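A short write-up of the structure that comes next.
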Amino acid sequence: MVAFSKRLVAGAVLLLAQVTVGFQILPVKESLARIWEGKREKFGQCHDFITSTAVTIAAASILAVSQPAVASASTLSPQLETAIVETSDATYPLLQSLSNSDVDLISPFANKLAGLLSSKIPAEKASNALDKGIDAFLGIPMEDIETFTGIVKSSYSGTSLDSCKQVAIPTAAISQIKSSNFVQQIEASKLIAVDELIASALVSIPKSDTSICVPATKEALKDLWIGQTQLSQALPRRAAREFVAAASTAAKSVPPSELLRVLPEAKSLSKGLDVKSVKKLEMAGTNLDKELKKDATFARFLPQK
């Protein structure tokens with residue numbers, strides 16, 4: 001059980017560090033800022049954010065895999081591949097700044113997200129979304145899991161906890177999610193199956209009880225992002241659609257006004273960057289968001305209307 005918990009923690013932070021500050025934060029900050037300024041006409045992106053939050057926090061605590069529903073490297077358009085690489089490159093300085101900070105900036109943000117998920121989304125809806133996500137993940141062919149495991153091992157090759165840049169593990173947020181009613185409703189056998197599936201990948205990531213290593217180079221981080229993309233492509237279409245539909249339904253339970261409470265912590269994540277780096281990060285994330293939305297492979301995971 002102790003080993004199981006440590007793997008969950010490691011997987012959660014791997015996902016939180018790479019996905020939250022990359023795929024999620026960039027479009028999210030733009031959406032939250034729009035509300036902050038009083039322009040409330042576009043709540044669609046905000047509910048997309050909550051859907052992503054449910055995916056990120058809940059699935060991270062259990063699955064430790066990547067952003068659901070992005071295109072495989074084997075079918076990536078040149079535009080989408082470029083957008084992924086540019087966003088990965090722009091994210092790397094952020095991870096470096098977070099690791100250099102004397103203050104844990106990740107946990108306050110993660111705590112807010114965990115609080116939204118636990119208190120604002122009915123347990124039955126959150127549990128249904130998580131259960132659908134687990135079903136989709138367990139449907140990934142083993143050869144794709146093994147390929148991703150190899151990428152993780154390669155990306156962290158030569159990386160040591162003694163010398164690497166580290167980011168804090170948001171242990172309180174992870175504990176809150178793991179003990180929440182909606183997680184407790186998931187069948188134990190499914191959680192065990194997921195743990196067994198991801199154990200080989202997570203054991204390659206240097207981490208302690210309170211922190212986890214950032215990949216040593218931009219190239220290693222890029223490989224992880226591409227690997228996550230490949231793994232996501234392997235999600236069974238029907239199961240992925242059911243997951244997205246359930247997560248979207250759960251997302252609608254969150255009042256838009258609650259999103260305002262996340263904005264200060266979202267902004268604080270980039271406080272260690274200069275203005276130029278922040279702008280580059282935001283532009284790269286916005287471009288990636290656009291490319292994902294117009295990509296045909298990405299679209300196949302969306303529920304049919």
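For clarity, every value in this text was computed on a predicted model and none was experimentally measured. Residue numbers count from 1 along this sequence.
Among residues two or more places apart in sequence or in another chain, the side chain to side chain contact (heavy atoms under 4.5 Å, CB included) test is passed with S163 by S160. By the salt bridge (Lys or Arg N to Asp or Glu O under 4.0 Å) test, R261 pairs with E258, sequence neighbours left out.
Atom CZ of R241 sits about 13.0 Å away from atom CG of L235, to the nearest 0.5 Å. The distance from the CG atom of L98 to the CG atom of L105 is 6.0 Å, given to the nearest 0.5 Å. With values rounded to the nearest 0.5 angstrom, Q79 atom CD is found 12.0 Å from I84 atom CD1. For the atom pair CG of L281 and OG of S270, the computed distance is 7.0 Å after rounding to the nearest 0.5 Å. A distance of 4.5 Å separates CD1 in I145 from CD1 in I140, rounded to the nearest 0.5 Å. Atoms CG and CG, on D195 and L191 in that order, are 9.0 Å from each other to the nearest 0.5 Å.
Cluster membership for V278 and M283, using ILVMFWY side-chain heavy atoms within less than 4.5 angstrom, is not shared. Linking ILVMFWY residues whenever their side-chain heavy atoms come closer than 4.5 Å, directly or via other members, places I226 and Y92 in the same cluster. Hydrophobic clustering keeps I205 apart from L161 (ILVMFWY residues linked when any side-chain heavy atoms are closer than 4.5 Å, directly or through intermediates).
The two atoms that bring F137 and I198 nearest to each other are CZ-CG2, 3.5 Å, heavy atoms only. Nearest heavy atom pair, residue L269 against residue L94, reads O-CD1, 3.0 Å. When all heavy atoms of N128 and A246 are compared, the pair lying nearest together is ND2-CB, 3.5 Å. Heavy-atom minimum distance, D89 versus P93: O-CD, 3.1 Å. Here the closest heavy-atom approach between residue L224 and residue F148 is recorded as O-CE1, 4.4 Å. Heavy-atom minimum distance, I177 versus V183: O-CG2, 3.1 Å.
Legend: salt bridge (charged side-chain N to carboxylate O under 4.0 Å, His left out) pairs involving residues 133-156, not counting sequence neighbours, sorted by first then second residue: D135-K190. Among pairs with a residue in residues 109-122, those fulfilling side-chain hydrogen bond (donor to acceptor under 3.5 Å, both in side chains) read K112-E265, at least two apart in sequence or across chains. Judged as a disulfide (SG to SG under 2.5 Å), the pairs with a partner in residues 174-233 (not counting sequence neighbours) are, in order, C164-C213. Listed by first and then second residue, the salt bridge (charged side-chain N to carboxylate O under 4.0 Å, His left out) pairs that reach into residues 215-224 are E219-K222, sequence neighbours excluded.
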- Message: side-chain contact (heavy atoms from CB on, under 4.5 Å) for W225 and V85? Distances and angles first, verdict last.
- Response: CA-CA 8 Å; W225 280 52; V85 172; over 6 Å; no

- For I121 and V254, run side-chain contact (heavy atoms from CB on, under 4.5 Å): C-alpha distance rounded to whole Å, both residues' side-chain angles, the deciding distance at 0.1 Å, then the answer. CA-CA 6 Å; I121 300 179; V254 180; 3.7 Å; yes

- Task: Output, in order, the C-alpha distance, side-chain angles, deciding distance and verdict of side-chain contact (heavy atoms from CB on, under 4.5 Å) for I174 and K178.
- Result: CA-CA 6 Å; I174 295 171; K178 286 168 58 180; 3.6 Å; yes

- Task: Evaluate the criterion side-chain contact (heavy atoms from CB on, under 4.5 Å) for residue pair L197 and M142; output intermediate values, then yes/no.
- Result: CA-CA 8 Å; L197 208 55; M142 181 55 66; 3.3 Å; yes

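S107 is listed as a side-chain neighbour of D104, based on a closest heavy-atom distance under 4.5 Å.
Under the 3.5 Å distance criterion, the side-chain polar atoms of S277 are left unmatched by any main-chain donor or acceptor of L273. A side-chain donor-acceptor contact under 3.5 Å links S253 to the backbone of A250. Judged by distance alone, the side chain of S155 and the main-chain N or O of A220 form a donor-acceptor pair under 3.5 Å. Looking only at distances, no side-chain donor or acceptor of Q166 sits under 3.5 Å from a matching main-chain atom of P206. Checking side-chain atoms of S179 against main-chain N and O of Q176 turns up a donor-acceptor pair under 3.5 Å. Judged by distance alone, the side chain of T159 and the main-chain N or O of Y156 form a donor-acceptor pair under 3.5 Å. Counting only distance, with no hydrogens or angles, the side chain of S154 and the backbone of G150 share no donor-acceptor pair below 3.5 Å. Counting only distance, with no hydrogens or angles, the side chain of T87 and the backbone of A284 share a donor-acceptor pair below 3.5 Å.
Side chains of T91 and S88: no donor on one and acceptor on the other come within 3.5 Å. Side chain to side chain, T286 and D289 fail the donor-acceptor criterion of an N or O pair below 3.5 Å.
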